[in-house]
Number of protein chains: 2
Amino acid sequence: MVNTEYDIVASFTREITRVNLAFKQHIQLKLRQNNIDLTFEMLSVLSCLWEQDGINQQEIANITVKDKASMTYLLDNLTKRELVYRQEDDTDRRNKKVYLTSKGKELRVQIQPWVTEMFGMVGNNLPADSVKSLTQTLEKIRENLR
Amino acid sequence: MVNTEYDIVASFTREITRVNLAFKQHIQLKLRQNNIDLTFEMLSVLSCLWEQDGINQQEIANITVKDKASMTYLLDNLTKRELVYRQEDDTDRRNKKVYLTSKGKELRVQIQPWVTEMFGMVGNNLPADSVKSLTQTLEKIRENLR
DNA sequence: ATATAATAGTTTGTACCTAAACTATTATAT
DNA sequence: ATATAATAGTTTAGGTACAAACTATTATAT
């Protein structure tokens with residue numbers, strides 16, 4: 001069987017997609033099992049705010065690797081669920097800062113352990129630091145693509 | 001600055017998403033610049049057929065890491081563009097085999113070089129075999145998540 | 001000072017994702 | 001043989017992605 005560079009990279013792109021999907025499905029299963037009406041994407045915005053409450057929409061978009069149009073939509077959905085609210089920035093009225101409601105803060109207690117658990121599973125049976133070096137290699141690859 | 005396991009894995013998940021996005025954007029730019037009315041996802045189905053014409057929808061879904069409902073949608077779109085057609089399998093009428101039209105075959109000449117070029121960029125300035133071992137590590141991580 | 005550029009966010013249109021319920025067909029068990 | 005399970009594909013509904021055009025606001029250049 002021939003194993004050309006083309007095939008190697010093709011498998012690589014597929015495997016990236018699969019790992020991405022695995023994270024998503026793992027979390028969505030937890031959410032479904034606990035009857036929590038949230039998607040993976042909404043959760044990634046919430047996680048972001050659990051770390052830094054009150055940042056603006058563009059900052060959330062950068063951190064969560066989404067574009068600002070999606071952010072408008074996602075925040076509308078989170079607002080409907082009364083988990084966040086927007087507030088215009090007085091010092092720069094282009095910005096809208098996003099804050100967690102008390103309901104949004106409370107969810108952290110229930111959900112973050114699942115994320116922590118999932119993240120903990122990642123490094124099993126792998127050499128120490130291998131996730132870190134993996135990430136660095138991925139960064140280089142992304143550089144190569146520009 | 002603290003660098004907990006949580007943070008390390010969080011960066012990892014983000015970097016995966018970014019690399020995925022980089023592939024997508026690279027290709028979509030090429031398509032746009034050449035006025036080709038195709039999305040990244042449609043192209044991944046086409047690529048699959050360029051390798052193996054006449055496989056069924058579920059097989060395409062497995063290879064392209066999509067689910068069968070998306071496949072129905074994508075193939076409808078490709079059929080509208082007259083690039084593929086479906087044909088019921090006589091030996092098992094549950095299956096629909098998918099074939100390239102001549103137009104779908106011709107596109108390969110124009111598009112595949114762009115993919116090959118992009119795939120070639122991936123390994124730049126990286127040790128030989130590092131993409132391969134990267135893929136293997138990703139496979140292990142995916143195993144860990146089940 | 002004022003034209004121009006840059007930035008944040010929204011809207012729109014097209015496309016994609018995915019769980020769940022569904023139809024049709026084939027495989028398996030007893 | 002026949003009930004049951006498994007499989008392939010479609011449909012539906014709610015949600016997401018993203019380019020392009022848009023408004024509002026702030027920054028920059030001359």
Side-chain angles (χ1 to χ4, degrees), chain A residues 17-18 20-33 35-46 55-81 83-98, chain B residues 17-18 20-33 35-45 55-81 84-98:
Chain A
T17 308
R18 289 202 185 97
N20 233 346
L21 193 59
F23 281 118
K24 186 169 176 173
Q25 288 178 338
H26 184 99
I27 287 296
Q28 291 200 327
L29 182 61
K30 282 281 188 188
L31 293 170
R32 243 193 342 274
Q33 284 171 341
N35 287 310
I36 296 178
D37 176 30
L38 275 185
T39 63
F40 180 76
E41 288 77 13
M42 292 184 220
L43 179 54
S44 74
V45 172
L46 279 184
I55 58 181
N56 69 33
Q57 298 189 197
Q58 185 60 58
E59 287 168 328
I60 301 174
N62 294 341
I63 294 172
T64 58
V65 196
K66 299 179 184 306
D67 72 357
K68 56 185 182 172
S70 305
M71 204 44 59
T72 296
Y73 187 87
L74 278 170
L75 290 173
D76 285 348
N77 272 341
L78 286 168
T79 301
K80 267 182 218 155
R81 287 163 172 78
L83 299 171
V84 307
Y85 62 95
R86 295 168 164 101
Q87 191 170 285
E88 201 179 66
D89 184 346
D90 288 330
T91 69
D92 185 341
R93 292 174 50 217
R94 287 172 301 187
N95 296 342
K96 290 186 183 172
K97 298 192 198 171
V98 182
Chain B
T17 308
R18 288 203 186 96
N20 233 347
L21 193 58
F23 280 118
K24 184 169 177 173
Q25 288 178 337
H26 185 100
I27 287 296
Q28 292 201 327
L29 182 60
K30 282 281 186 188
L31 294 171
R32 244 191 343 273
Q33 283 171 342
N35 286 310
I36 296 178
D37 176 30
L38 274 186
T39 63
F40 180 74
E41 288 79 11
M42 291 185 222
L43 179 55
S44 74
V45 173
I55 58 181
N56 69 33
Q57 298 188 195
Q58 186 60 59
E59 288 169 329
I60 301 174
N62 294 339
I63 294 171
T64 58
V65 196
K66 300 178 184 306
D67 72 357
K68 56 186 183 173
S70 305
M71 203 45 58
T72 296
Y73 184 87
L74 280 170
L75 289 172
D76 285 348
N77 274 342
L78 286 168
T79 301
K80 269 183 215 153
R81 287 163 173 77
V84 306
Y85 62 95
R86 294 169 166 101
Q87 191 170 284
E88 201 179 66
D89 185 346
D90 288 330
T91 68
D92 184 343
R93 292 173 50 214
R94 287 173 301 187
N95 296 340
K96 291 186 183 173
K97 299 192 196 170
V98 182

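Model, not experiment: these values are computed from the prediction. Lettering of chains follows the sequences in order, A, B, ..., and the numbering in each one begins at 1.
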Integer-rounded Å distance: [N] [atom2] and [X] [atom1]:
X        : N       : atom1 : atom2 : answer
Lys66(B) : dC17(C) : NZ    : P     : 4 Å
Leu83(A) : dG15(D) : CG    : P     : 13 Å
Asn95(A) : dA8(C)  : CG    : P     : 7 Å
Lys96(A) : dA8(C)  : NZ    : C1'   : 9 Å
Glu88(B) : dT26(C) : CD    : C1'   : 13 Å
Asp90(B) : dT26(C) : CG    : P     : 10 Å
Asp89(A) : dT25(D) : CG    : C1'   : 12 Å
Leu31(A) : dG15(D) : CG    : P     : 14 Å

Under 4.0 Å, counting only non-hydrogen atoms across every strand here, what does Thr39(B) touch: a base, just sugar-phosphate, or nothing?
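Sugar-phosphate, backbone atoms only, no base.
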For Leu21(A), which contact category applies under a 4.0 Å heavy-atom criterion: base, sugar-phosphate, or nothing?
sugar-phosphate
Who pairs with [X] by side chain to side chain contact (heavy atoms under 4.5 Å, CB included), at least two apart in sequence or on another chain?
X        : result
Glu59(B) : Ile55(B), Asn56(B)
Arg86(B) : Gln57(B), Thr72(B), Leu75(B), Asp76(B), Thr79(B), Lys96(B)
Asn62(B) : Gln58(B)
Leu21(B) : Val65(A), Gln25(B)

Quick one: what's the B/S/- string for nucleotides 19-24 of chain D, heavy-atom cutoff under 4.0 Å, read 5' to 3'?
BS----
Within residues 73-81 of chain A, find the residues that approach DNA chain D with a heavy atom at under 4.0 Å, and present them sorted by residue number.
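Contacting residues: Tyr73(A), Leu74(A), Asn77(A), Arg81(A).
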Closest heavy-atom pair and its distance - Met71(B), Thr64(B):
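Shortest heavy-atom separation between Met71(B) and Thr64(B) comes out as CE-OG1, 3.6 Å.
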Rounded to the nearest 0.5 Å, what separation is found between the [atom1] atom of [X] and the [atom2] atom of [Y]?
X        : Y        : atom1 : atom2 : result
Lys30(A) : Leu38(A) : NZ    : CG    : 15.0 Å
Thr91(B) : Lys97(B) : OG1   : NZ    : 6.0 Å
Ile60(B) : Lys66(B) : CD1   : NZ    : 11.5 Å

Where do N or O atoms of nucleotides 2-4 of chain C meet protein N or O atoms at under 3.5 Å, pair by pair?
none

Can you list, in residue-number order, the parts of residues 55-64 of chain B that come under 4.0 Å of DNA chain C, counting heavy atoms only?
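Within residues 55-64 of chain B, no residue comes under 4.0 Å of DNA chain C.
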Taking side chain as C-beta onward, heavy atoms only, is [X] less than 4.5 Å from [Y]?
X        : Y        : value
Ile27(A) : Phe23(A) : no
Val84(A) : Leu46(A) : yes
Val45(B) : Met42(B) : no

Residues two or more places apart in sequence or in another chain: which of them pass side-chain hydrogen bond (donor to acceptor under 3.5 Å, both in side chains) with Arg94(A)?
Asp92(A)
Restricting to side-chain hydrogen bond (donor to acceptor under 3.5 Å, both in side chains), what partner residues turn up for Lys24(A), sequence neighbours left out?
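Glu41(A).
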Quick one: ring-ring contact (aromatic ring centres under 6.0 Å, His included) partners of Tyr85(A), sequence neighbours excluded?
Tyr99(A)
Both Met71(A) and Met42(B) contact DNA chain C. Which one's nearest nucleotide lies toward the 5' end?
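Nearest nucleotide further toward 5': that of Met71(A).
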Should stems be defined as at least three consecutive Watson-Crick or G-U pairs with both distances under 3.5 angstrom, which of them involve DNA chain C?
C:1-30 with D:1-30
Can you see whether Asp67(B) engages Ser70(B) through a side-chain donor-acceptor pair at a distance of less than 3.5 angstrom?
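Yes, Ser70(B) and Asp67(B) have a side-chain donor paired with an acceptor closer than 3.5 Å.
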